[in-house]
S.K.: 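Let me give you the structure first, and then I'll get to my questions.
Chain A is the first sequence line, chain B the second, and so forth, proteins listed ahead of strands; every chain is numbered from 1. For the numbers below, each heavy atom of this structure counts, side chains included, while hydrogens, waters and symmetry mates do not. Computed from a prediction, not measured in an experiment: that's the story for all the values here.
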There are 2 protein chains.
Amino acid sequence: MADVTIDPMKATRNETWIEHAMQGLADAGYQKGAARRAVVECLGRQACAVTALEIEEEIRQGDTAAGRASIYRTLEQLEELSLVHRLEMGTGTASYEAAEPGGEHHHHLVCDRCGRVVPFQDDGLERAIKGLSRRSRFEVSEHDVTLHGLCERCAA
Amino acid sequence: MADVTIDPMKATRNETWIEHAMQGLADAGYQKGAARRAVVECLGRQACAVTALEIEEEIRQGDTAAGRASIYRTLEQLEELSLVHRLEMGTGTASYEAAEPGGEHHHHLVCDRCGRVVPFQDDGLERAIKGLSRRSRFEVSEHDVTLHGLCERCAA
DNA sequence: ATGACTGCAAAGCCTTTGCACGCAA
DNA sequence: TTGCGTGCAAAGGCTTTGCAGTCAT
């Protein structure tokens with residue numbers, strides 16, 4: 001029985017996406033300021049969704065720094081260009097993750113006890129969503145799936 | 001081609017759920033105060049998810065009234081007892097809807113232009129989620145699916 | 001009579017906005 | 001040089017909490 005979850009550790013610095021995103025921002029007329037670059041690089045480094053405040057924290061611990069406002073502004077620009085995906089997983093705080101140009105993506109399992117978030121991927125789910133999107137009256141462009149429950153540690 | 005969306009107008013006052021919820025609250029040791037009852041009745045009257053502030057508004061227009069704090073407190077209690085389901089659909093505000101005892105439920109299409117929310121139901125989707133939940137390492141108890149895009153009015 | 005329920009107001013968080021200064025092009 | 005980018009601080013919006021009066025049991 002194949003596990004649908006994705007090993008969060010497998011992610012390495014996503015240089016491809018970082019360049020892609022910087023290029024997209026440039027094409028949209030944005031300059032390459034320090035804060036903007038720091039946010040993009042931070043996002044490219046993540047294995048899964050992160051909050052704006054987590055990005056702020058991580059950037060602060062690095063060599064650069066970025067004001068909170070600049071982080072939110074950059075995230076807004078990236079989302080507008082479909083370079084990042086903004087999610088709300090029931091925690092009351094928005095999370096952001098890099099949007100792969102190929103459309104490849106994953107969804108999330110959230111532990112309601114400890115808050116752990118684990119990404120997963122499933123072709124059957126994607127097919128089901130594609131099919132019902134076609135049967136709906138909407139022009140569907142995005143979708144989010146969040147599973148809630150207990151992670152293996154908390155369920156034990 | 002069968003439409004997966006559900007007619008939001010078909011919902012009528014869900015007396016069954018209202019009684020079920022009031023009973024659940026009573027079993028948990030809660031009293032039958034006016035504010036609590038008003039929130040439960042308002043939820044039982046909804047066709048789809050509503051925000052706390054929409055509940056407040058609707059209650060105010062009725063004969064009763066309820067303070068904002070009481071509304072949030074009641075919603076929290078109902079959610080803890082799994083009598084309501086709390087959702088975040090990317091709007092930055094939480095929504096709540098009655099949780100049917102039988103487990104029957106729907107998901108949501110959100111128009112990113114006008115904000116309209118339309119419920120839908122799809123067995124294939126439910127099967128896919130049940131299957132992958134089994135293959136995950138989580139003990140999955142709930143799931144939310146939100147499709148984003150443009151509604152037929154905004155897409156035109 | 002006792003303890004739960006309620007509402008108001010204040011406080012908390014996350015997020016957005018206004019504004020003056022600094023940097024990219 | 002010009003205007004975008006940035007950071008600070010203040011403002012906004014939703015949600016939670018403290019507290020004193022009120023109501024259910």
S.K.: At less than 4.0 Å, is any side-chain N or O atom of B:Y72 found next to OP1 or OP2 of D:dT15? Yes or no.
M.R.: yes
S.K.: Please state how far atom CD in B:Q77 lies from atom P in D:dT17, giving the value in whole angstrom units.
M.R.: 12 Å
S.K.: Once you apply a heavy-atom cut-off of 4.0 Å, does A:A35 come out as touching a base, just sugar-phosphate, or nothing?
M.R.: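 The residue A:A35 makes sugar-phosphate contact but no base contact.
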S.K.: For A:T51 and for A:Q31, locate the closest nucleotide of DNA chain C by heavy-atom distance; then report the residue assigned to the nucleotide nearer the 5' terminus.
M.R.: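 This one resolves to A:T51.
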S.K.: Using heavy atoms to find the nearest nucleotide of DNA chain D for B:G33 and A:S70 separately, return the residue whose nucleotide is more 5′.
M.R.: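 The residue whose closest nucleotide sits nearer the 5' end is A:S70.
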S.K.: What integer distance in Å separates A:I59:CD1 from D:dG5:C1'?
M.R.: 14 Å
S.K.: Take B:A69 and B:K32, find for each the nucleotide of DNA chain D with the closest heavy atom, and name the residue whose nucleotide sits nearer the 5' end.
M.R.: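 Final value for this comparison: B:A69.
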S.K.: B:E88 CD to D:dT15 P: how many Å, rounded?
M.R.: 8 Å
S.K.: I want to check something: taking the side chain as every heavy atom from C-beta on, are B:D123 and B:R127 in contact at a cut-off of under 4.5 Å?
M.R.: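 In short, these two side chains touch, coming nearer than 4.5 Å.
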S.K.: I'd like to know whether CZ of A:R116 has more than 12 heavy-atom contacts from other residues, nucleotides or ligands below 6.0 angstrom.
M.R.: yes
S.K.: Please report the closest heavy-atom contact between A:V117 and A:V110, naming both atoms and the distance.
M.R.: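 Result for this residue pair: CG2-CG2, 4.3 Å.
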S.K.: Round to a whole Å and report the spacing from CD1 of A:I55 to P of D:dT6.
M.R.: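 It works out to 14 Å between those atoms.
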S.K.: Output the rounded distance in Å from CG (B:L78) to C1' (D:dT15).
M.R.: 16 Å
S.K.: Is the shortest heavy-atom distance from the side chain of B:E126 to the side chain of B:H107 under 4.5 Å?
M.R.: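 B:E126 vs B:H107: side chains touch.
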S.K.: Hey, does B:R36 reach any base, or is it just sugar-phosphate, or nothing, if we go heavy atoms under 4.0 Å?
M.R.: sugar-phosphate
S.K.: Does any N or O donor sit under 3.5 Å from an N or O acceptor when you compare the side chain of A:R73 with the base of D:dG7?
M.R.: yes
S.K.: Please report, rounded to the nearest Å, how far the C1' atom of C:dC5 is from the CD1 atom of B:I71.
M.R.: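 So the CD1-C1' distance, B:I71 to C:dC5, works out to 14 Å.
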S.K.: Assess the side chains of A:H108 and A:H148: does a donor N or O sit below 3.5 Å from an acceptor N or O?
M.R.: no
S.K.: To the nearest Å, how far apart are A:R68 CZ and C:dG18 P?
M.R.: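 Going from A:R68 (CZ) to C:dG18 (P), I get 19 Å.
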S.K.: Please give, in whole Å, the distance from C:dT15 P to A:E76 CD?
M.R.: 12 Å
